[in-house]
Peer 1: 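What follows is a single structure, and I will ask about it in a moment.
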Amino acid sequence: MKYKGDELYWIAICDDEENSARLIQRILMEGETEPGKFKISIFSSGKDLMNGNVSRYDLLILDMMFPGENGRNIAEEYVKKNKSGLFVFCTDKATPLPEDFVNHPYRYLKKDRERQLRRYLLDSVEEMYRRRSKPRLQLTEGKTTVLINVEDILYMEIAKSGSNIYYFNEEGELRIRHVREKVKELYPQIFIYGFEFSHNSFLINCNYLKRWNSQELEFVNGMHMSVSRAREKKFRAACMKYIN
């Protein structure tokens, strides 16, 4: 998985109420660490948003109620087109429903609570920064400490006295390292980046999944791997949004 090389941060606000959109924009700008780093686009409908370059946005602030449109449907389309994008519901809707969280919004905010709105919008900006950074794992190979970019890891395998890490080098070649750390110890550090167990012995980077036929996975490089029945339900919930 290659992250954006763009140094700018692209943010979309999708809200048909101009005053609300401008308020959200002003608050978001408070989180800009360097002048000129934020590029904020405002859309008055989901249709307008989807007609833009949706995959470029690092963060989407999305209303839930539009004339003739539903925020949940817009969120679903956004996630399909921008699998690494972060989005936040920001609405006047009184009470959230369980189905509002199907596409995993980072936050569900109420417009009429300005103090909380400011706090959590700026928190969302911090999360956007964090997700854009390239996290690395510090691992022990023999007597040497090595650093591997999380985004380069295809999968991890439980092995004797540690684990095997399968990762892509700078030339895009698949390599393997045997490290002392155990897969179950590494999982809490990386599950938020799209990793889940497909089997008791394998931890998969779902960002590299191409398709899932029955209980077999196919990676973007053509490799195949099975999913155990015991792990299938949790794996599906965690990884289906990453599959094209």
Side-chain angles (χ1 to χ4, degrees), residues 1-9 33 55 58-59 79 82-86 104 106 126-244:
M1 175 185 174
K2 295 299 181 184
Y3 280 63
K4 303 178 182 71
D6 200 335
E7 293 184 356
L8 299 175
Y9 289 86
T33 55
S55 63
D58 299 285
L59 173 63
V79 170
N82 187 348
K83 294 178 180 179
S84 61
L86 177 70
H104 308 291
Y106 178 66
E126 289 295 321
E127 179 68 8
M128 176 188 72
Y129 281 132
R130 187 187 67 78
R131 293 195 184 191
R132 177 70 83 84
S133 65
K134 291 188 176 182
R136 296 192 293 177
L137 284 179
Q138 181 173 302
L139 302 167
T140 308
E141 186 179 38
K143 295 183 179 180
T144 305
T145 297
V146 295
L147 294 172
I148 298 180
N149 290 334
V150 171
E151 67 175 45
D152 293 333
I153 298 171
L154 181 64
Y155 69 95
M156 299 180 178
E157 175 187 27
I158 292 176
K160 185 177 180 180
S161 302
S163 56
N164 294 325
I165 311 295
Y166 294 80
Y167 70 100
F168 293 106
N169 65 13
E170 291 183 359
E171 288 72 41
E173 301 166 328
L174 189 61
R175 299 298 189 192
I176 179 174
R177 287 183 182 271
H178 178 78
V179 300
R180 185 185 305 168
E181 290 77 12
K182 296 180 179 180
V183 173
K184 289 185 178 180
E185 296 172 351
L186 297 172
Y187 175 69
Q189 301 179 48
I190 62 173
F191 80 95
I192 59 172
Y193 301 112
F195 284 77
E196 189 52 67
F197 285 95
S198 65
H199 183 280
N200 287 341
S201 298
F202 298 102
L203 183 61
I204 304 297
N205 184 347
C206 298
N207 292 282
Y208 285 108
L209 291 179
K210 182 177 181 180
R211 62 173 59 93
W212 182 354
N213 294 322
S214 184
Q215 291 170 337
E216 185 181 61
L217 305 173
E218 182 181 352
F219 292 98
V220 293
N221 67 341
M223 285 184 59
H224 290 78
M225 187 173 290
S226 63
V227 180
S228 70
R229 290 186 180 275
R231 292 281 185 177
E232 183 178 3
K233 185 175 180 180
K234 186 176 181 182
F235 185 84
R236 181 183 295 274
C239 287
M240 279 303 291
K241 67 180 180 178
Y242 294 94
I243 301 176
N244 294 323

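One-based numbering along the sequence shown.
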Peer 1: Please report the closest heavy-atom contact between Val227 and Glu232, naming both atoms and the distance.
Peer 2: CG1-CA, 3.8 Å
Peer 1: How far does CD of Glu185 sit from OG of Ser163, to the nearest 0.5 angstrom?
Peer 2: 8.5 Å
Peer 1: Among Ile158, Asn164, Asn200, exactly one meets side-chain contact (heavy atoms from CB on, under 4.5 Å) together with Val183. Which residue is that?
Peer 2: Ile158
Peer 1: What closest approach, in Å, do Leu186 and Met156 show between heavy atoms, and which atom pair accounts for it?
Peer 2: CD1-SD, 3.8 Å
Peer 1: Sort and list the pairs that fulfil side chain to side chain donor-acceptor pair (under 3.5 Å) and have at least one residue in residues 219-228, not counting sequence neighbours.
Peer 2: none
Peer 1: Given Tyr208, which of Phe168, Phe219, Tyr193, Tyr166 fulfils the ring pair (Phe, Tyr, Trp, His ring centres under 6.0 Å) condition?
Peer 2: Phe168
Peer 1: How long is the span from the CD atom in Glu196 to the CD1 atom in Ile190, to the nearest 0.5 Å?
Peer 2: 10.0 Å
Peer 1: Answer yes or no: is there a side-chain heavy-atom contact under 4.5 Å between Ile148 and Ile165?
Peer 2: yes
Peer 1: Could you give me the CA-CA distance, side-chain angles and deciding distance for Phe195 and Gln189, then say whether side chain to side chain contact (heavy atoms under 4.5 Å, CB included) is met?
Peer 2: CA-CA 10 Å; Phe195 284 77; Gln189 301 179 48; over 6 Å; no
Peer 1: For Tyr155 and Ser198, test the side chains for any donor-to-acceptor distance below 3.5 angstrom and give the result as yes or no.
Peer 2: no
Peer 1: Find the distance between CG (Asp152) and CD (Glu170) and round it off to the nearest 0.5 Å.
Peer 2: 8.5 Å
Peer 1: Once you round to the nearest 0.5 Å, how far does CG of Leu154 lie from CG of Leu203?
Peer 2: 11.0 Å
Peer 1: Residues two or more places apart in sequence or in another chain: which of them pass side chain to side chain contact (heavy atoms under 4.5 Å, CB included) with Glu127?
Peer 2: Leu86, Tyr106, Arg130, Arg131
Peer 1: Considering residues at least two apart in sequence or located in another chain, which fulfil the salt bridge (Lys or Arg N to Asp or Glu O under 4.0 Å) criterion with Glu141?
Peer 2: Arg177
Peer 1: Is the side chain of Asn169 donor-acceptor paired with the backbone N or O of Glu171 at a distance under 3.5 Å, no angle test?
Peer 2: yes
Peer 1: Test your reading of the model: is there a side-chain donor-acceptor pair from Asn205 to the backbone of Ile153, 3.5 Å cut-off?
Peer 2: yes
Peer 1: To the nearest 0.5 Å, tell me how far His199 NE2 sits from Met225 CE.
Peer 2: 10.0 Å
Peer 1: Under 3.5 Å, is there a donor on one side chain and an acceptor on the other for Gln138 and Thr145?
Peer 2: no
Peer 1: Roughly how far, to the nearest 0.5 Å, is CD of Glu181 from CG of Leu137?
Peer 2: 8.5 Å
